[in-house]
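First comes the structure, then the notes that go with it.
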Amino acid sequence: MIAPLAAPSPSAPAKAPYPLVSVRNLCKHYALRAGWGFGHSVFKAVENVSFDIMPNETLGLVGESGSGKSTIGRAVTMLNPPTSGVVAFEGVDLAEQSGRDMRRMRQRMQMVFQDPYSALNPRMTVGDYVAEPLVIHGLCKTAAERRDLVAELFSKVGLDPRFMARFPHQFSGGQRQRICIARAIGVRPSFIVADEPIAALDVSIQAQVVNLLQDLQEEMGLAYLFISHDLRMVRYLCHRVAVIWKGRIVELAPSAALYGNPLHPYTRRLLSAVPVPDPALERARTRLPEVAALPDDPLAHELVEAEPGHYVARAALS
Ligand code: ADP
Ligand code: MG
């Protein structure tokens with residue numbers, strides 16, 4: 001149990017002294033059938049993950065494909081509950097919530113996904129799609145009220161409210177992601193898990209969507225868990241960053257410390273794979289070799305505070 005993870009980064013504008021989201025010893029295991037259905041083994045997709053997210057903070061989650069990022073995102077919102085461990089939201093243990101309380105909590109936590117087209121319903125106007133959760137949560141009483149709210153949400157995400165009556169196929173990828181974001185913020189959440197929200201978008205559009213997320217954070221006081229394999233975007237957007245390797249956090253630090261002084265060999269390897277815009281530097285850049293897996297020793301994986309707020313797996317320090 002690592003208690004002092006609550007420390008926000010100096011740049012994170014913490015409004016309250018307590019975390020909005022607390023995750024402790026989160027594990028997600030999948031039973032795998034071995035051969036002809038005889039016996040089974042367990043695949044540890046996420047193992048003993050702990051972190052906090054402060055109100056108004058963006059925590060980045062980086063790691064290669066298959067490292068467990070989406071599993072963590074879905075466990076935190078209870079979309080796919082953890083095998084063990086605690087997820088607390090606004091100080092309340094989510095596993096102990098009744099159905100009705102959980103629905104209310106869910107309103108405060110939203111998700112935005114990588115592929116906005118598959119999230120949208122092709123037979124529903126985008127206006128109805130954005131209005132749906134408002135209706136479900138009883139946030140508007142009359143049709144006129146609903147229309148006004150949806151129009152306001154469209155403006156907020158940079159879309160012309162006249163587009164409300166259109167269908168998803170009439171929009172570009174970036175516009176579709178704006179529609180999904182409008183739906184997510186309509187219920188006034190305080191926390192959004194954004195799972196690779198820009199990965200499917202044109203590079204030219206990615207920065208616009210990231211800037212929108214940033215503007216909304218400021219305006220609405222949102223906290224984000226921002227899942228991405230784009231390390232440059234994570235550095236730009238996130239106050240703190242957690243590096244996931246084979247289902248575990250191996251390093252967690254304020255962005256400047258993580259990028260300026262990466263302590264774990266896996267973090268260094270990830271950073272060595274980021275292209276640099278200078279051609280001479282880019283030619284000289286070498287990708288660091290594969291990092292050898294650690295023995296399955298909990299002590300080796302334990303996070304220790306190497307510098308204030310900068311946590312790294314103990315094994316990387318020895
Ligand atoms: P990421 O988002 O970092 O790419 P995921 O969280 O999607 O990784 O997946 C982590 C690991 O868990 C992967 O190896 C994946 O194959 C495995 N996994 C995900 N869902 C299941 C499942 N339902 N059953 C078995 N294994 C799964
Ligand atoms: Mg994923």
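Here the structure is a predicted model, which means the values were calculated and not measured. Both counts, for ligands and for their atoms, begin at 1 and track the order of listing.
At least one test fails for Arg108 against the ring of Phe89: distance under 6.0 Å to the centre or angle within 45° of the axis.
Counting only protein N, O or S atoms closer than 2.8 Å to the Mg ion (ligand 2) gives 1.
The line from CZ of Phe226 to CD of Glu196 is 8.0 Å long, rounded to the nearest 0.5 Å.
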Using the salt bridge (charged side-chain N to carboxylate O under 4.0 Å, His left out) rule, take Lys28 and Glu47 through it: C-alpha gap first, then chi angles, then the decisive distance, then the call. CA-CA 7 Å; Lys28 183 76 193 182; Glu47 190 64 3; over 6 Å; no
Apply side-chain contact (heavy atoms from CB on, under 4.5 Å) to Val243 and His264, showing your working. CA-CA 9 Å; Val243 179; His264 198 282; over 6 Å; no
Quick one, Val76 with Val21, criterion side-chain contact (heavy atoms from CB on, under 4.5 Å). Give me CA distance, side-chain angles, the key distance, then yes/no. CA-CA 8 Å; Val76 167; Val21 179; 4.1 Å; yes
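Ile136 is not connected to Leu79 by any chain of hydrophobic side-chain contacts under 4.5 Å among Ile, Leu, Val, Met, Phe, Trp and Tyr, and they are in different clusters.
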Could you list, one pair per line, each nitrogen or oxygen of ligand 1 together with any protein nitrogen or oxygen closer than 3.5 Å, giving atom names and the distance rounded to 0.1 Å?
residue	atom	partner	partner atom	Å
ligand 1	2 (O)	Ser70	N	2.9
ligand 1	2 (O)	Ser70	OG	2.8
ligand 1	3 (O)	Ser67	N	3.2
ligand 1	3 (O)	Ser67	OG	3.4
ligand 1	3 (O)	Gly68	N	3.0
ligand 1	3 (O)	Lys69	N	2.9
ligand 1	3 (O)	Lys69	NZ	2.9
ligand 1	4 (O)	Gly66	N	2.6
ligand 1	6 (O)	Ser70	N	3.4
ligand 1	6 (O)	Thr71	N	2.9
ligand 1	6 (O)	Thr71	OG1	2.5
ligand 1	8 (O)	Gly68	N	3.2
ligand 1	20 (N)	Tyr30	OH	3.4

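At a cut-off of 3.5 Å, with distance as the only test, a side-chain donor of Asn261 or Glu307 sits close to an acceptor on the other residue. Defined by atom type and a distance below 3.5 Å, a donor-acceptor pair is present between the side-chain atoms of Tyr266 and Glu64.
Heavy-atom contacts from other residues, nucleotides or ligands closer than 6.0 Å to CZ of Arg268 number more than 12.
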